[in-house]
Amino acid sequence: MQVTGPRGTNDILPGDVERWHLVEERIRSLCRIYGYHEIRTPIFEHTELFVRGIGEATDIVEKEMYTFTDKGDRSITLRPEGTAPVVRAYLEHKLYAAGNPTKLYYLGPMFRYERPQAGRYRQFTQFGVEVFGSRHPAVDAEAIALPVHLYQALGIKDARVQINTIGCPECRPAYRQLLKDSLRDRVDQLCPSCQRRYERNPLRLLDCKEESCRRVTADVPTIYDSLCEECRDHFDRLQVYLEAAGIDFEVNPRLVRGFDYYTKTVFEFSSSSLGAQDALGGGGRYDGLVEEVGGQPTPGIGFAVGIDRILLAMERQGAAAPAPDGVKVFIASLGEAATLAAVTLLSQVRRAGIPAEMDYLGRSLKAQLKAADKSRARYAVIVGDAELAKEAAVVRNLATGEQAEVSLAEVTLHLKEALK
RNA sequence: GUGAGUGUAGCUCAGUUGGUUAGAGCGCCAGACUGUGGCUCUGGAGGCCGUGGGUUCGAGCCCCAUCUCUCACCCCA
C-alpha cells in the first residue's frame, strides 16, 4: 500500500493554507497591538521539563507524550504544550534581565498521542502567550482579552468566556480538605475516574461531566469561601478589570484545568459550534511554575488557543475561505523562437513585481489561453512568429477580450499601467 | 486505551436477492477553422472496489483480521 501520513496528522493543502495565513496574520497583528514579542523554541525538549512543569500525575505526562530515546541515550519528548518550553527559554537566556514584565508569544505545532476526533489531532497548532514578572490582576484581564479580541476579529461569534480561581498554595489545601470532607460518605456514588480523583486531585471532581457525579457534587462548597485574602482580592479585581475592558464573561466555580501548575486565575474559551471538543482555548496563572523549573520565584500567566479549532469554528460558522493568490499575467508562446522571447518577457515582468506565469507544457495556443483563464490571470501576453517579426506581442485583456499589439520593449510598462 | 460507524475513478457518490468487460456527475486531456480562453457539443484517459485471509462454481456485495478516516468516551487545544 501507499505510504500515508501518520495517524492524527494533517496536510494543509493549497486552497486551505490561505485560511491559515489569514489566522496567522491576525495573530501577529494582534500581538503587535498588545505588545507581545515572538519566541520560537524547539519542537522537542528533555522529557524532564514536561514532567516537572506539567506535573507527573497529569494525563498529558502519563499517557499522551511522544517520548523517545535519542542516539545519545537522552529521553526526548515532542512538546505537548508551549508554556514549559517558554519558561525554560526565559530562564536559560535570562530574559528577566530586560526588566518586567516580559511578554512573549509563540505559534507552532504541539504533539499529543491521543485518538483523533473532531478538532483533535496528534499534531496540532497552538498560539499562546506568556507574561512573566507581574502578579497584577490587570495582566490576567489582558490574557483573557487578547484571545477574545482574536476570536472576534476572526468572526467567531459564539466564543464563550468562563473564568474561575483555584486559589494558591496558601488556601487551596484547606479547600481540598473541605471538599473531600463534604464528599467523604458519598465517594461510592461517584464514577470510577472521580473515585480516583477523590484521592489524587479532588478539584477535578468539580468539572466531571457525568450526570451522576454532578448530582453528587451539586451542593458541595465552592472555593470562594476558602480563598485567602490575596486570592479573593485578585479574583474580585480581575472581574472589575474585565468589565472595564468590555469583556463578557461567566464565573464558573467548577472550572478546573488539567495542568498542575495553575494558581489563582483559570479561564477557558469555548464554542458550541465545535462539537464534543468545544474548547477554543484556555489558560491561567502559574505563579509557581518558574520556580518549579529552576528559576527564582516569578509570577506568570498565559493562555493557549488551538488554531485547528479556530479554523473549524470559522468554517462551521460559514466564514468564507480567502481566495488563493493568483497570477496577474500569463505569457503564451508559439514555437521555439517565441518561447525564448517569452522567457525574457516573463523575467522582466516578474522583476517588475507582477505575478506571472508561462506555459511549460508546449500546449496549443488554445490550451494556453485556457490555462491562462484557469490561473485567473487578468492579462495574457501572446507571442508567435507574426509578432516576433515585428518585435511585438499581443496583450489581451482576459475579462473583456480586448487586445492590442505592444512592442516587446514596452510590454512590462504596458502591463504595469494596465494593472494599476 | 475503550466503543460505534466508515472505506468503490482526482472529488461527490450509484452499484439491484453475491452472477460475465464496475457506472454517473464534476474535474482532467483532446477535438469541433493547422494562432485566441470562459458557454456548448463530441470523444478520451483514469479504479487489483483500503489491505490480507476465508466462504462460494463465482465476491465491490457474505465472514474474519488489519489499517485509515469519522464520531463519541477519557482528557484537552
Side-chain angles (χ1 to χ4, degrees), chain A residues 1-10 13 15 54 57-65 79-83 107-128 147 151 191-194 196-197 201 204 207-210 255-259 266 268-271 274-283 302-313 330 332-335 338 359 361 363-388 393-403:
Chain A
M1 236 232 331
Q2 244 195 335
V3 178
T4 56
R7 178 163 213 200
T9 64
N10 291 106
L13 305 175
I54 302 172
T58 56
D59 275 28
I60 289 185
V61 171
E62 273 184 350
K63 52 180 202 188
E64 294 173 5
M65 295 207 299
R79 62 180 187 195
E81 59 101 44
T83 300
L107 173 62
M110 305 294 163
F111 306 84
R112 289 183 204 168
Y113 190 89
E114 296 185 276
R115 282 278 278 267
Q117 76 187 68
R120 187 164 72 193
Y121 312 106
R122 289 184 174 181
Q123 176 175 333
F124 58 101
T125 304
Q126 279 188 341
F127 153 59
Y151 300 138
C191 71
S193 57
C194 278
R196 274 199 310 278
R197 287 175 184 143
N201 192 351
R204 309 238 42 187
D207 70 349
C208 181
K209 286 158 202 131
E210 284 294 330
L255 179 66
V256 180
R257 295 185 46 83
F259 300 150
V266 292
E268 196 166 291
F269 312 102
S270 57
S271 163
L274 284 180
Q277 308 306 317
D278 68 348
L280 279 169
F303 68 77
V305 312
I307 306 296
D308 310 79
R309 289 190 186 172
I310 285 181
L311 260 357
L312 194 62
F330 192 100
S333 61
L334 291 154
D359 175 63
L361 298 174
R363 289 182 279 206
S364 67
L365 179 63
K366 186 191 179 92
Q368 289 187 57
L369 283 170
K370 210 169 172 173
D373 205 50
K374 212 172 63 182
S375 72
R376 307 186 314 132
R378 289 177 57 194
Y379 287 89
V381 176
I382 302 166
V383 198
D385 292 337
E387 290 77 20
L388 225 44
V394 169
V395 176
R396 180 178 176 87
N397 180 323
L398 289 169
T400 64
E402 291 173 83
Q403 57 184 49

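Residue numbers start from 1 in every chain, and the chains themselves are labelled A, B, ... in the order their sequence lines are given, proteins ahead of strands.
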*Asks:* Is there a donor and acceptor pair closer than 3.5 Å between the side chain of A:Gln403 and the base of B:G37?
*Replies:*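 Side chain to base: no pair present.
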
*Asks:* Would you indicate whether the side-chain heavy atoms of A:Asp359 and A:Phe330 approach each other to under 4.5 Å?
*Replies:*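 Side-chain contact under 4.5 Å: yes.
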
*Asks:* For A:Ala399, which contact category applies under a 4.0 Å heavy-atom criterion: base, sugar-phosphate, or nothing?
*Replies:*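 Base contact.
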
*Asks:* Please name the nucleotide paired to B:G3 by Watson-Crick or G-U wobble geometry with both distances under 3.5 Å, or report none.
*Replies:*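 Answer to the pairing question: B:C71, which forms a Watson-Crick or G-U pair with B:G3.
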
*Asks:* When the P atoms of B:C13 and B:U6 are considered, how many whole Å apart are they?
*Replies:*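 Their P atoms lie roughly 14 Å apart.
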
*Asks:* Can you tell me, in whole Å, how much space there is between the C1' of B:G53 and that of B:G46?
*Replies:*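 After rounding to an integer number of Å, I get 29 Å for this pair.
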
*Asks:* Taking C-beta and beyond as the side chain, do A:Asn397 and A:Tyr379 meet within less than 4.5 Å on heavy atoms?
*Replies:*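 A side-chain contact under 4.5 Å exists here.
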
*Asks:* Any heavy-atom pair between the side chains of A:Phe124 and A:Arg112 that's under 4.5 Å?
*Replies:*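 Counting from C-beta outward, A:Arg112 and A:Phe124 do come under 4.5 Å.
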
*Asks:* From A:Phe111 CZ over to A:Thr9 OG1, what is the distance, rounded to the nearest 0.5 angstrom?
*Replies:*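 If we round to the nearest 0.5 Å, A:Phe111:CZ and A:Thr9:OG1 are 10.0 Å apart.
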
*Asks:* For B:C63 versus B:U70, give the span between their P atoms, rounded off to a whole number of Å.
*Replies:*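 Straight-line distance between the two P atoms is 25 Å.
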
*Asks:* Please give, in whole Å, the distance from B:U36 P to A:Gln368 CD?
*Replies:*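 Value for this atom pair: 12 Å.
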
*Asks:* For the base of B:U36, is there a side-chain donor-acceptor partner from A:Arg396 under 3.5 Å away?
*Replies:*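 Such a pair is found, so the answer is yes.
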
*Asks:* Give none if B:C76 has no partner; otherwise give the nucleotide forming a Watson-Crick or G-U wobble pair with it, both distances under 3.5 Å.
*Replies:*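 For B:C76, the partner nucleotide comes out as none, under the 3.5 Å rule.
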
*Asks:* Taking atom types as they are modelled, is there a donor-acceptor pair under 3.5 Å from the base of B:A77 to the side chain of A:Glu268?
*Replies:*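 Between B:A77 and A:Glu268, which were checked side chain against base, a qualifying N/O pair under 3.5 Å is absent.
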
*Asks:* Taking the same atom, P, in B:G58 and in B:G47, what whole-Å distance lies between them?
*Replies:*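 So the two P atoms sit 27 Å from each other.
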
*Asks:* Have a look at A:Phe259 and say if it touches a base, only the backbone sugar-phosphate, or nothing, with a 4.0 Å heavy-atom cut-off.
*Replies:*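 It contacts sugar-phosphate atoms only.
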
*Asks:* Roughly, in whole Å, what's the span from CD1 in A:Ile382 to C1' in B:G37?
*Replies:*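 It is 9 Å, rounded to the nearest whole Å.
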
*Asks:* Among B:C74, B:G37, B:A77, which nucleotide has an atom closest to any side-chain atom of A:Leu369?
*Replies:*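 Closest nucleotide among those given: B:G37.
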
*Asks:* Please determine if a side-chain N or O atom of A:Arg7 lies less than 4.0 Å away from the OP1 or OP2 oxygen of B:C69.
*Replies:*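 It does, given that an N or O in the side chain of A:Arg7 lies less than 4.0 Å from OP1 or OP2 of B:C69.
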
*Asks:* Please report, rounded to the nearest Å, how far the C1' atom of B:G37 is from the CG atom of A:Leu334.
*Replies:*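 So the CG-C1' distance, A:Leu334 to B:G37, works out to 14 Å.
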
*Asks:* Separation of A:Glu114 atom CD from B:C74 atom C1', in whole Å?
*Replies:*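 Answer to the nearest Å: 9 Å.
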
*Asks:* Can you tell me how far C1' in B:G7 sits from the matching atom in B:U68, rounded to whole Å?
*Replies:*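 Looking at atom C1' only, B:G7 and B:U68 are 8 Å apart.
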
*Asks:* Can you tell me the pairing partner of B:A65 across any strand shown, Watson-Crick or G-U wobble, with both distances under 3.5 angstrom?
*Replies:*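 Partner of B:A65: B:U51.
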
*Asks:* Taking side chain as C-beta onward, heavy atoms only, is A:Arg309 less than 4.5 Å from A:Arg120?
*Replies:*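 They are in contact (side-chain heavy atoms under 4.5 Å apart), so the answer is yes.
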
*Asks:* Regarding A:Ala372, tell me which of base, sugar-phosphate or nothing describes its non-hydrogen contacts under 4.0 Å with the strands shown.
*Replies:*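 Answer is nothing: A:Ala372 stays at 4.0 Å or more from every strand.
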
*Asks:* Answer with base, sugar-phosphate or nothing: what part of the nucleic acid does A:Glu62 contact at a heavy-atom distance below 4.0 Å?
*Replies:*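 Here A:Glu62 touches no strand at all.
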
*Asks:* Within the 4.5 Å heavy-atom criterion, are A:Val266 and A:Val256 side-chain neighbours or not?
*Replies:*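 No. Closest side-chain heavy atoms not under 4.5 Å.
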
*Asks:* Using heavy atoms to find the nearest nucleotide of RNA chain B for A:Gly5 and A:Ile60 separately, return the residue whose nucleotide is more 5′.
*Replies:*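 Whichever sits nearer the 5' end wins; that is A:Gly5.
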
*Asks:* In whole Å, what is the span from the CZ atom of A:Arg309 to the P atom of B:C76?
*Replies:*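 So the CZ-P distance, A:Arg309 to B:C76, works out to 11 Å.
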
*Asks:* Quick one: does A:Tyr113's side chain get under 4.5 Å of A:Arg122's, heavy atoms only?
*Replies:*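 Yes - at least one pair of side-chain heavy atoms lies under 4.5 Å apart.
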
*Asks:* Roughly how far, to the nearest 0.5 Å, is the OG1 atom of A:Thr58 from the CG atom of A:Asn201?
*Replies:*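 Those atoms lie 10.0 Å apart.
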
*Asks:* Is A:Glu81 touching bases, backbone alone, or none of the nucleic acid, heavy atoms closer than 4.0 Å?
*Replies:*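 Answer is nothing: A:Glu81 stays at 4.0 Å or more from every strand.
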
*Asks:* With rounding to the nearest 0.5 angstrom, report the CG to CD distance, A:Asp385 to A:Glu387.
*Replies:*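 The CG atom of A:Asp385 sits 8.5 Å away from the CD atom of A:Glu387.
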
*Asks:* Expressed in angstrom and rounded to an integer, what is the separation of A:Arg122 atom CZ from B:G1 atom C1'?
*Replies:*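 Distance, rounded to whole Å: 11 Å.
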
*Asks:* Classify every nucleotide of nucleotides 3-12 of chain B by which part a protein heavy atom approaches to under 4.0 Å, writing B for the base, S for the sugar-phosphate alone and - for neither, in 5'-to-3' order.
*Replies:* B---------

*Asks:* Of all the nucleotides listed (B:C76, B:C73, B:A77), which has the minimum atom distance to the side chain of A:Arg204?
*Replies:*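 Shortest atom-to-atom distance from the side chain points to B:C76.
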
*Asks:* Pick the P atom in B:C74 and in B:G15, then give their distance to the nearest Å.
*Replies:*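 The answer is 37 Å between these two P atoms.
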
*Asks:* Hey, could you give me the OH/CG distance between A:Tyr121 and A:Asp308, rounded to the nearest 0.5 Å?
*Replies:*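 Answer rounded to 0.5 Å: 6.0 Å.
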
*Asks:* Could you check whether A:Gly128 gets within reach of a base, just the sugar-phosphate, or nothing at all, counting any heavy atom under 4.0 Å?
*Replies:*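 Nothing: the residue A:Gly128, judged by heavy atoms under 4.0 Å, touches no strand.
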
*Asks:* Compare the minimum distances between each of B:U68, B:A77, B:G35 and the side chain of A:Arg257, then state the nucleotide with the smallest one.
*Replies:*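 It is B:A77.
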
*Asks:* For B:C73 and A:Gln277 - does any side-chain N or O of the residue sit under 4.0 Å from the phosphate oxygens OP1/OP2?
*Replies:*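 Affirmative; the distance criterion is met.
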
*Asks:* Using a 4.0 Å heavy-atom cut-off across all strands, classify A:Gly8 as base, sugar-phosphate, or nothing.
*Replies:*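 Answer is sugar-phosphate: A:Gly8 comes under 4.0 Å of backbone atoms only.
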
*Asks:* If B:C11 has a Watson-Crick or G-U wobble mate with both distances under 3.5 Å, name it; if not, just say none.
*Replies:*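 Paired with B:C11, as far as the under-3.5 Å criterion goes, is B:G25.
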
*Asks:* Which residue, A:Pro109, A:Pro116, A:Pro6, forms the side chain to side chain contact (heavy atoms under 4.5 Å, CB included) with A:Gln123?
*Replies:*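 Only one of A:Pro109, A:Pro116, A:Pro6 forms a side chain to side chain contact (heavy atoms under 4.5 Å, CB included) with A:Gln123, namely A:Pro109.
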
*Asks:* Take atom P in B:A59 and the same atom in B:U21, then report the distance between them in whole Å.
*Replies:*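 Here B:A59 and B:U21 have their P atoms 11 Å from each other.
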
*Asks:* Using atom OH of A:Tyr379 as one end and atom P of B:G37 as the other, report the distance to the nearest whole Å.
*Replies:*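 Whole-Å distance recorded here is 19 Å.
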
*Asks:* Using whole Å, report how far CG of A:Asp59 lies from P of B:C73.
*Replies:*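 To the nearest whole Å, that distance equals 14 Å.
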
*Asks:* Find the distance between CD1 (A:Ile54) and CG (A:Asp59) and round it off to the nearest 0.5 Å.
*Replies:*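 Between atom CD1 of A:Ile54 and atom CG of A:Asp59 there are 11.5 Å.
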
*Asks:* Any N/O pairs under 3.5 Å between the protein and nucleotides 26-34 of chain B? List them or say none.
*Replies:*
none

*Asks:* How do A:Tyr121 and A:Thr400 order along RNA chain B: which one's closest nucleotide is nearer the 5' end?
*Replies:*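 By nearest-heavy-atom nucleotide position, the 5'-most residue is A:Thr400.
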
*Asks:* Measuring from A:Met65:CE to A:Glu81:CD, what's the distance to the nearest 0.5 Å?
*Replies:*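 Here the rounded value is 10.5 Å.
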
*Asks:* Is A:Ala386 touching bases, backbone alone, or none of the nucleic acid, heavy atoms closer than 4.0 Å?
*Replies:*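 Base, at least one base atom sits under 4.0 Å.
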
*Asks:* Assign A:Asp385 to base, sugar-phosphate, or nothing according to its heavy-atom contacts below 4.0 angstrom with the strands shown.
*Replies:*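 The residue A:Asp385 makes base contact.
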
*Asks:* I'd like the P distance from B:A22 over to B:C48, given in whole Å.
*Replies:*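 Those two atoms are separated by 12 Å.
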
